[in-house]
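Naming convention: chains lettered A, B, ... in sequence-line order (proteins, then strands); numbering from 1 in each chain. The shown structure was predicted, so the numbers you read here are calculated from the model rather than taken from an experiment.
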Number of protein chains: 2
Amino acid sequence: MKTKTLKSNNHDIFFKFKTNGHRLTAPRKAIITILSNTNNHPSVEEIYMEVHKQYPSIGITTVYRTLDLLVNWGLVHKFDFGEGKSRYELIEHPNGLGHHHHLICVNCKKIINYTDFINDEIELFQKLETRLSNKYNFKIKHHIVEFYGICEECINK
Amino acid sequence: MKTKTLKSNNHDIFFKFKTNGHRLTAPRKAIITILSNTNNHPSVEEIYMEVHKQYPSIGITTVYRTLDLLVNWGLVHKFDFGEGKSRYELIEHPNGLGHHHHLICVNCKKIINYTDFINDEIELFQKLETRLSNKYNFKIKHHIVEFYGICEECINK
DNA sequence: TTTCTTATTGATAATGATTATCATTTTCTT
DNA sequence: AAGAAAATGATAATCATTATCAATAAGAAA
Ligand SMILES: [Mn+2]
Ligand SMILES: [Mn+2]
Ligand SMILES: [Zn+2]
Ligand SMILES: [Zn+2]
């Protein structure tokens with residue numbers, strides 16, 4: 001039984017705020033909670049709207065600032081899928097969804113997460129990261145893999 | 001002897017303009033030439049500056065428009081490395097540099113192209129694309145692989 | 001070559017996402 | 001309770017990208 005795979009939860013992130021010498025405030029909690037409760041890749045605007053429900057006084061500036069912090073600490077991925085705005089995603093997702101890759105429809109912009117890696121895939125990426133790290137003296141933090149193309153609906157249409 | 005691997009050149013792209021029913025104009029030629037003569041990933045502003053030398057009357061709007069065309073025809077990749085602006089790269093590069101992946105320094109934004117894939121890597125990506133295409137009924141056009149981290153100079157500093 | 005039709009261009013204004021400012025409010029520590 | 005520092009939110013400022021539109025140039029037809 002691998003207890004390692006126990007789901008992490010918000011408390012880890014909350015804790016990180018404290019240990020980093022930053023304050024764990026209501027708006028920050030709210031933003032993290034939103035991120036924890038979605039399987040999408042919400043934009044700043046979307047996160048703002050959502051937080052606003054629970055915490056109407058929040059300003060969108062704070063959303064930007066909090067996300068920046070989380071990205072710099074390596075807790076959140078910042079994506080650009082070519083829409084002219086960024087999208088965000090928790091890296092250690094409390095509700096399952098761990099590291100994954102993306103299929104992106106260039107037509108309708110739909111995004112498919114896939115986590116069902118083939119064995120070779122995980123293995124290769126580990127090998128790759130070691131090789132590249134050594135060869136280029138580059139300390140790799142994370143990677144992004146995106147397949148661009150046309151989704152099912154857009155083909156049949 | 002594989003004559004297939006002969007380097008493609010600008011004429012292929014020039015030709016494509018015609019067959020697509022678009023006009024091959026001076027500004028368009030100039031933009032394509034710039035893209036052919038760099039190993040970087042120039043931004044719109046950079047391309048504009050460069051073209052401007054040869055063709056001082058060009059407007060930056062035309063650079064945007066031409067790049068859009070090339071991206072839509074699958075001749076140019078549009079990248080976002082997290083700088084708040086897009087960068088572009090010819091897919092079939094006349095001067096060698098073919099398909100490659102990226103190492104991106106999150107600190108100084110330097111970008112390393114690597115083309116020295118290991119055999120497994122190429123093989124895996126082919127397998128992956130077939131599998132994903134079938135599973136998700138998704139017509140894959142191209143993929144992007146980016147490793148984010150800290151480069152040599154930024155570590156020793 | 002001249003004429004005609006239409007795609008293309010470039011100046012300019014408009015948009016929209018992200019950042020910078022700064023006075024005010026919270027938080028945490030004495 | 002008081003003070004120092006961090007965080008917030010309203011607002012203005014930036015900056016990349018788009019939309020408009022009249023002027024121009026390219027290619028087809030004559
Ligand atoms: Mn995802
Ligand atoms: Mn490249
Ligand atoms: Zn689609
Ligand atoms: Zn660097």
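In this entry the distance linking CZ of B:Arg65 with C1' of C:dA11 reads 11 Å, nearest Å. Across the protein-nucleic acid pair, A:Ile31 atom CD1 and D:dA7 atom P stand 13 Å apart, rounded to whole Å. Separating the NZ atom of A:Lys29 from the P atom of D:dT8 is a distance of 13 Å, rounded to the nearest angstrom. Rounded to an integer number of Å, the gap from CG of A:Asn20 to P of D:dA5 is 20 Å. As rounded to whole Å, 11 Å separates atom P of D:dA16 from atom CD of B:Glu46. Distance, A:Ile60 CD1 to D:dT11 P: 14 Å, rounded to whole Å. Taking atom CZ of A:Arg28 as the reference point, atom P of D:dA6 lies 11 Å away to the nearest angstrom. In this entry the distance linking CG of A:Leu67 with C1' of D:dA7 reads 15 Å, nearest Å.
Within the nucleic acid shown, B:Phe17 has no heavy atom closer than 4.0 Å to any nucleic acid atom. Among the protein residues, B:Ile58 comes within range of the sugar-phosphate backbone only, with heavy atoms under 4.0 Å from sugar or phosphate atoms but none that close to a base. Using a 4.0 Å heavy-atom criterion, one finds that A:Ser57 contacts the sugar-phosphate atoms exclusively.
Note: A:His77 and A:His142 have tilted aromatic rings, judged against thresholds of 30 and 60 degrees for the angle between ring planes. Under the 30°/60° scheme for interplanar angles, the aromatic rings of B:Tyr114 and B:His101 are found to stand perpendicular.
The number of heavy atoms from other shown groups lying within 6.0 Å of NZ (A:Lys110) is above 12.
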### Task
Could you give me the CA-CA distance, side-chain angles and deciding distance for A:His102 and A:Phe147, then say whether ring-ring contact (aromatic ring centres under 6.0 Å, His included) is met?
CA-CA 6 Å; A:His102 293 133; A:Phe147 293 92; over 10 Å; no
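The phosphate of C:dG10 has OP1 or OP2 within less than 4.0 Å of a side-chain N or O from B:Thr62.
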Name the pairs: protein N/O against N/O of nucleotides 13-17 of chain C, kept only if under 3.5 Å.
none

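Nearest heavy atom pair, residue B:Leu67 against residue B:Ile47, reads CD1-CD1, 3.9 Å. Shortest non-hydrogen contact noted between A:Asn39 and A:Asn113 is O-ND2, 3.5 Å.
Side-chain polar atoms of B:Glu50 and B:Tyr48 form no donor-acceptor pair below 3.5 angstrom.
By the 4.5 Å heavy-atom criterion applied to side chains, B:Thr61 and B:Arg65 are counted as neighbours. Taking 4.5 Å as the limit, every side-chain heavy atom of A:Ile91 sits out of range of all side-chain heavy atoms of A:His99.
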Residues 131-139 of chain B, side-chain donor-acceptor partners within the protein, below 3.5 Å, at least two apart:
from     : atom 1 : to       : atom 2 : distance (Å)
B:Arg131 : NH2    : A:Asp116 : O      : 2.8
B:Ser133 : OG     : B:Glu129 : O      : 2.7
B:Ser133 : OG     : B:Phe138 : O      : 3.3
B:Asn134 : ND2    : B:Thr130 : O      : 3.2
B:Lys135 : NZ     : A:Asp116 : OD2    : 2.4
B:Tyr136 : OH     : A:Asp116 : OD1    : 3.4

Review item, side-chain donor-acceptor pairs of residues 78-87 of chain B, under 3.5 Å, at least two apart:
from    : atom 1 : to      : atom 2 : distance (Å)
B:Asp80 : OD1    : B:Gly82 : N      : 2.8
B:Glu83 : OE1    : B:Arg87 : NE     : 2.7
B:Arg87 : NH1    : B:His41 : O      : 2.7
B:Arg87 : NH1    : B:Glu46 : OE1    : 3.2

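With sequence neighbours left out, the salt bridge (Lys or Arg N to Asp or Glu O under 4.0 Å) criterion links A:Lys18 to no other residue.
Over its full length, the helix from C:dT1-D:dA30 to C:dT30-D:dA1 turns its helical axis through 30°, comparing axes from the five pairs at each end and rounding to 10°.
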### Heavy-atom protein contacts under 4.0 Å, nucleotides 25-30 of chain D, coded B base, S sugar-phosphate only, - none
-BS---
